[in-house]
Amino acid sequence: MPLTLVTIPCLADNYAFLVHNDKTGQTALVDVPDAAPIQAELDRRGWVLSDILLTHHHWDHVDGLPGIRGEARVIGAKADAHRLPDLDLAVSEGDTISICGEDTQIFDVSGHTIGHIAFFMAHSGLAFTADSLMAMGCGRLFEGTPAQMWASMQKLRKLPPQTLICSGHEYTAGNLAFALTLDPNNAAIILRGEEIKAARNNGVFTVPSTLANELATNPYLRADDPDLAAAIGMPGADPVAVFTEIRARKDRF
Ligand code: ZN
Ligand code: FE
């Protein structure tokens with residue numbers, strides 16, 4: 001049976017996620033922007049945390065930890081252990097760990113930060129990507145290079161298309177507006193744009209999104225798409241060059 005997923009808005013525009021195994025009663029949390037809304041959701045459902053997964057070291061993903069840690073096992077990147085809260089389990093790319101009774105694969109998705117990891121639960125079809133692959137976007141390159149982030153995007157886009165991409169922020173409307181400047185005539189982006197606007201007007205989250213939808217509309221997954229290269233005036237350019245240009249334009253947007 002797939003795990004139950006709960007999306008929790010935190011702070012101004014962050015998301016935390018709970019996954020729960022209805023059979024065993026185990027519950028895991030991905031990222032801790034703020035303890036209070038997460039604890040309220042746990043209390044409402046009568047769940048207790050077994051594991052806490054951290055994607056990267058930024059304050060808006062870890063600062064709530066002391067208020068909610070309790071007896072839970074805290075898991076994060078070995079490469080980032082020196083600047084993450086104290087970890088009970090340090091993991092690296094290629095590791096598979098058991099979370100809520102389900103095999104969970106670790107990917108290194110550096111770019112936004114060096115040492116950013118993603119968690120993939122194949123059976124339930126969930127990928128926790130935080131500030132690497134985001135809905136219609138990717139995280140700003142604070143520490144890594146465009147080539148590193150492009151390599152991370154290439155890993156994530158190999159996941160099954162029906163995978164739910166559980167990303168870290170509600171940035172989708174801004175990402176949509178930017179994507180339209182690159183590719184204004186792309187029918188898939190125009191259609192998704194209408195869905196995003198309707199969702200936001202009704203206060204509905206645009207996260208998580210399916211990988212299939214991202215593959216069709218997220219410019220950062222399409223740096224090797226000849227149509228996108230042509231649309232931005234770089235026909236035939238190397239994908240890293242296209243990715244670099246797109247990310248640079250977004251930083252100025
Ligand atoms: Zn971040
Ligand atoms: Fe963040």
Side-chain angles (χ1 to χ4, degrees), residues 5-19 28-38 41 52-68 74-85 87 90-93 106-120 126-153 155-156 164-178 196 200 205-209 214 218-221 243 246-248 250-251 253:
L5 175 73
V6 179
T7 305
I8 306 173
C10 294
L11 306 175
D13 55 31
N14 277 79
Y15 288 118
F17 300 93
L18 295 174
V19 289
L29 166 68
V30 184
D31 282 345
V32 204
D34 185 8
I38 298 167
E41 190 66 38
I52 299 174
L53 315 181
L54 302 176
T55 59
H56 68 295
H57 72 91
H58 282 160
W59 70 271
D60 62 315
H61 299 257
V62 303
D63 267 11
L65 186 67
I68 208 158
V74 178
I75 300 165
K78 193 175 205 169
D80 247 0
H82 61 286
R83 57 181 180 174
L84 286 168
L87 300 177
V91 295
S92 304
E93 173 153 274
I106 311 301
F107 290 89
D108 178 297
V109 289
S110 290
H112 176 68
T113 63
I114 303 293
H116 192 308
I117 54 175
F119 300 89
F120 174 54
L126 302 172
F128 298 94
T129 59
D131 299 355
S132 58
L133 176 60
M134 308 179 87
M136 294 213 74
C138 77
R140 190 177 279 259
L141 300 178
F142 287 112
E143 297 176 8
T145 63
Q148 280 173 314
M149 186 63 106
W150 173 234
S152 297
M153 295 296 109
K155 290 177 198 173
L156 294 169
L164 282 181
I165 302 299
C166 304
S167 52
H169 292 267
E170 183 62 57
Y171 288 165
T172 319
N175 289 337
L176 161 72
F178 172 68
I196 289 165
R200 295 314 294 155
F205 310 152
T206 64
V207 173
S209 53
E214 298 307 327
N218 187 319
Y220 305 96
L221 291 177
F243 190 96
I246 294 171
R247 192 57 247 184
K250 177 63 165 61
D251 291 345
F253 180 68

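We count ligands from 1, going down the list as the structure has it; atoms in each ligand are counted the same way. The structure presented is a predicted model; accordingly, all values stated were derived computationally and were not measured. The basis for the numbers below is simple: all heavy atoms, side chains too, and nothing from hydrogens, waters or symmetry mates.
Put simply, H116 stays out of reach of the Zn ion (ligand 1), with no N, O or S atom under 2.8 Å from it. Taking 2.8 Å as the threshold, H61 does not count as a candidate ligand of the Zn ion (ligand 1), since none of its N, O or S atoms lies below it.
Checking H57 against E143 by side-chain atom types alone, a donor-acceptor pair falls below 3.5 Å.
Considering just the N/O/S atoms of H169, the one nearest the Fe ion (ligand 2) carries the name NE2. Looking only at N/O/S atoms, D131 comes nearest to the Fe ion (ligand 2) through OD2. The N, O or S atom of H61 lying closest to the Fe ion (ligand 2) is NE2. Within H56, the N, O or S atom at minimum distance from the Zn ion (ligand 1) carries the name NE2. Among the heteroatoms counted here (N, O or S) of D60, OD2 is the one nearest to the Fe ion (ligand 2). Of all N, O or S atoms in H112, the one lying closest to the Zn ion (ligand 1) is NE2.
H56 and H116 have parallel rings, their planes meeting at less than 30° on a 0 to 90° scale where 60° marks the start of perpendicular. Between Y15 and F17, the ring-plane angle classifies as tilted under the 30° and 60° cut-offs.
Of all heavy-atom pairs spanning D13 and Y171, the tightest one is OD2-CE2, 3.4 Å. Smallest separation of non-hydrogen atoms from P37 and C10: CG-SG, 3.8 Å. For the pair M153 and Y220, the tightest heavy-atom approach, listed with the atom from each and the gap, is CG-O, 3.5 Å.
Applying the side chain to side chain contact (heavy atoms under 4.5 Å, CB included) test between V32 and each of V62, I38, D63 identifies I38 as the sole match.
The angle subtended at the Zn ion (ligand 1) by ND1 of H58 and OD2 of D131 is 170°, given to the nearest 10°.
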